[in-house]
Trainee: 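Please read through the structure below; I'll follow up with questions.
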Amino acid sequence: VQLQASGGGLVQAGGSLRLSCAASGGTFGSYGWFRQAPGKEREFVAADRWRGSSTYYADSVKGRFTISRDNAKNTVYLQMNSLKPEDTAVYYCAATRLVTGMLIREYVYDYWGQGTLVTVSS
């Protein structure tokens, strides 16, 4: 199983980026995105349960970020709009075959991508 995250980069505040995470070697019930800013612990960003039946967002990104998936491509996306400097972090995608569980918790996920860096300049 491999998760390959991409799409990070440098963007000005107020701009947009779309992260992608391509999964191979399996099919997954739920996906999540987490991020880790310099000097901080990794935190939950967004999750998608069973093909979009339910989505979850951290309060800090609600209304600005959107998680979605393309099941045919085994790919999950994170559309990030109205980016702020405090969104600067390494973003990680994660996957689990489960469709239950607390998707805001890291322990639920079995597989993790390598991370992609998002830098938002002010």
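If you're wondering where the values come from, they're calculated on a predicted model, not measured in any experiment.
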Trainee: Count I, L, V, M, F, W, Y as connected when their side-chain heavy atoms are under 4.5 Å apart, and connections chain through other members. Are Y57 and L83 then in the same cluster?
Mentor: yes

Trainee: Write down the atom of G101, the atom of R49, and the distance for their closest heavy-atom approach.
Mentor: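 Here G101 and R49 meet closest at O-NH2, 3.0 Å.
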
Trainee: Could you tell me the separation between the CG atom of L3 and the CG atom of N74, rounded to the nearest 0.5 Å?
Mentor: 9.5 Å

Trainee: Of all heavy-atom pairs between S16 and S82, which one has the smallest distance, and what is that distance?
Mentor: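 Closest approach of S16 to S82: OG-N, 4.3 Å.
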
Trainee: Is there a path of hydrophobic side-chain contacts, each under 4.5 Å between heavy atoms, that joins L117 and L78?
Mentor: no

Trainee: Is any side-chain heavy atom of Q4 less than 4.5 Å from a side-chain heavy atom of Q114?
Mentor: yes

Trainee: Verify, without hydrogens or angle tests, whether T119 (side chain) and L10 (backbone) share a donor-acceptor contact under 3.5 angstrom.
Mentor: no

Trainee: Please determine if D59 and K62 form a salt bridge, counting it only when a charged side-chain N lies under 4.0 Å from a carboxylate O.
Mentor: yes

Trainee: Could you tell me which non-hydrogen atom of A95 sits nearest to which non-hydrogen atom of Y109, and how far apart they are?
Mentor: N-CD2, 3.6 Å

Trainee: Is any side-chain heavy atom of V118 closer than 4.5 Å to one of D87?
Mentor: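 Not in contact.
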
Trainee: Please answer: with hydrophobic residues joined when any side-chain heavy atoms are less than 4.5 Å apart, are I67 and F65 in the same cluster?
Mentor: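 Linked within one cluster.
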
Trainee: Atom CG of L19 and atom SG of C93: how far apart are they, to the nearest 0.5 Å?
Mentor: 9.0 Å

Trainee: side-chain hydrogen bond (donor to acceptor under 3.5 Å, both in side chains) for R18 and Y77? Distances and angles first, verdict last.
Mentor: CA-CA 7 Å; R18 188 176 81 155; Y77 304 97; 4.7 Å; no

Trainee: Looking at SG of C21 and CZ of F28, how far apart are the two atoms once the value is rounded to the nearest 0.5 Å?
Mentor: 9.0 Å

Trainee: Would you check if the distance from the ring center of F44 to the ring center of Y56 is below 6.0 Å?
Mentor: no

Trainee: S60 and R64: which non-hydrogen atoms are nearest, and at how many Å?
Mentor: O-NH2, 2.8 Å

Trainee: Going from CG on L103 to CG on L98, what distance comes out if it is rounded to the nearest 0.5 angstrom?
Mentor: 8.5 Å

Trainee: Output the distance between atom CH2 (W33) and atom CE (M80), rounded to the nearest 0.5 Å.
Mentor: 8.0 Å

Trainee: Could you grab the distance from atom CG of L17 to atom CG of N81, nearest 0.5 Å is fine?
Mentor: 9.5 Å

Trainee: Begin with the C-alpha distance, continue with both residues' side-chain angles, and end with the deciding distance and a verdict on side chain to side chain contact (heavy atoms under 4.5 Å, CB included) for T75 and R69.
Mentor: CA-CA 6 Å; T75 300; R69 67 162 85 183; over 6 Å; no

Trainee: Establish whether V120 and V45 are linked, either directly or via other cluster members, by ILVMFWY side-chain heavy-atom contacts under 4.5 Å.
Mentor: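 Yes, V120 connects to V45 through the hydrophobic network.
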
Trainee: Before we go on, tell me: are the rings of F34 and Y92 under 6.0 Å apart, centre to centre?
Mentor: no

Trainee: Taking everything shown except R97 itself, do over 12 heavy atoms lie less than 6.0 Å from its CZ?
Mentor: yes

Trainee: Between T96 and Y111, is any pair of side-chain heavy atoms under 4.5 Å apart?
Mentor: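 Heavy-atom side-chain distance check fails, nothing below 4.5 Å.
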
Trainee: Contact between R35 and V61 at the side-chain level, heavy atoms closer than 4.5 Å - yes or no?
Mentor: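 Heavy-atom side-chain distance check passes, below 4.5 Å.
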
Trainee: Walk me through whether W112 and E106 qualify under side chain to side chain contact (heavy atoms under 4.5 Å, CB included).
Mentor: CA-CA 10 Å; W112 291 81; E106 292 186 37; 3.9 Å; yes

